[in-house]
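Written below as C-alpha cells is the structure these notes are about.
These figures come from a predicted structure and were not determined experimentally.
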Amino acid sequence: MRKRIGIVLCLVLCALALTGCKEEKDKNKIVLNEVAHSIFYAPQYVAYELGYFEDEGLDVTIVNGAGADNTMTAVLAGEAEIGFMGSEQSIFVYNQGAEDYVVNFAQLTQRAGNFLVVRSELLENGSVQAKKNADGTYEFDWNQLKGKTVVGGRKGGMPQMVFEYILKQKGIAASDMEMIQNIDFGLTGQAFAAGTGDFTVEFEPAASSLEAEGVGTVVASCGVESGYVPYTAYCARGSYIKENPEIIEAFTRAIQKGLDYVNSHTPAEIAEVILPQFEGYTVEQLTVIVERYQVQDTWKENLVFEKESFELLQDILDEAGELEKRAPYEELVTTEYVK
C-alpha cells in the first residue's frame, strides 16, 4: 500500500505541473470525482437530477474515477474539487506525509454497498446451499466459502477490507478460499459472467445484472453482515476547504437535501428520479435495487462523520494489516459544514 500511495503522489506532482498552466475557472463550477457510479449513491444523483446543486448556485460535473486511487489522484492534483470515496484513502495519504492532504467533510453511506453473489449453477446442483426466505433474501452459511474461488476486491480497498472483516467476524480466514484480486474495479462482474470464480462480491447494479442474466444469485448483503461502517464520504484538499468554505457548505446542503429525499420517499419514486443516471435500466429494475439498499439502512439521516465511525474504520484497516499508524480524527474530519 505504501508503494501504491507513493506512486499516486508522484502522479499528483506531474498533474499539478500541468494544472498550474490552466486558466482559472469559475469557482462555482465543481468537478465531483466519484469512486464508482452506483445506485449505492442514490442521494447524490437525486441532488443532481432534482437541481439541488443548482439551487445552491453550483454547477456540478460528476466524473467516474473508477477506483479510489484514481479519485484521490484527481483530488490531490486539482483535477477535481471534491472527491467521493472510502475515507481510508485520506488516512493513507496523510500517513505518507502529504502537506495538503484531503479532509473528509460529509459521510453519506453507513453500510457496505456490495453483495455476495454465488454462481447460480452451484445452487442448482446442490454444491452450495441457501434457503430462500419469503422476502426473496437467503439464509446462507458463510462457511461454504471455504475451498471455493472468490472474486474479491483490490487489496487495501474498502470493499475487500470490509469483506475480510466480515469473514473474521465469522471465524473464517481469507486463506480458507482462493481469493482473486487482480481484476480491475468494475470488471469483476464481467469476469464472473465469463466463468471466473464460484462467488463474487459486487455492487449494484452489477449484482442484479448477474441475477437477470441467470449467472449469479445474491445470497448475502455485506452491508447487513458488517453492520454500520463509514463506507464512503466526501472530501477535499484542506487548502480548498479553507479557501472555499461557502462552496463546501453549499455542496453539503445539496447532498443533505438528496439524503432527506431518499429517506422520505418510496423506492419507486427514487428510481424514477435517478433513472437518467443509469442508461439501459428500467424504473422497475432500479426500484428493486433501491429497495435492497433502503431496507438495509444504507444511508445516514445526516452527513455527520462521527469520531466513533472514524475509529472503527481505522480498526478495520488495522485488522486488514493496512494501517501504518493511526491518524488523528481532528486532522482528517471536519463536521463544521454538516452542522
For the residue pair [Y] / [X], report whether a side-chain donor-acceptor contact shorter than 3.5 Å exists.
X	Y	result
Tyr281	Ser209	yes
Thr298	Thr109	no
Gln107	Tyr231	no
Tyr240	Asp100	no
Thr252	Glu249	no
Glu34	Gln44	yes
Ser38	Glu204	no
Glu121	Asn125	no

Do the side chains of [Y] and [X] get nearer than 4.5 Å, heavy atoms only?
X	Y	answer
Lys155	Met161	no
Asp55	Leu50	no
Tyr234	Asn104	no
Lys307	Val333	no

**Report entry** NZ or CZ of Arg253 within 45° of Tyr52 ring axis and under 6.0 Å
**Finding:** no
Query raised in the report: Is any side-chain N of the basic residue among Arg119 and Glu124 closer than 4.0 Å to the acidic one's carboxylate O?
Result: no
Query raised in the report: Testing Thr217, Val218, Asn133 for side chain to side chain contact (heavy atoms under 4.5 Å, CB included) with Tyr138, which one passes?
Result: Thr217
**Report entry** Centroid-centroid distance, Phe115 to Phe199, less than 6.0 Å
**Finding:** no
Query raised in the report: Does the separation of the ring centres of Phe278 and Tyr45 fall below 6.0 angstrom?
Result: yes
Query - Check: Ala173 main-chain N/O paired with Asp176 side-chain donor or acceptor under 3.5 Å - result: yes
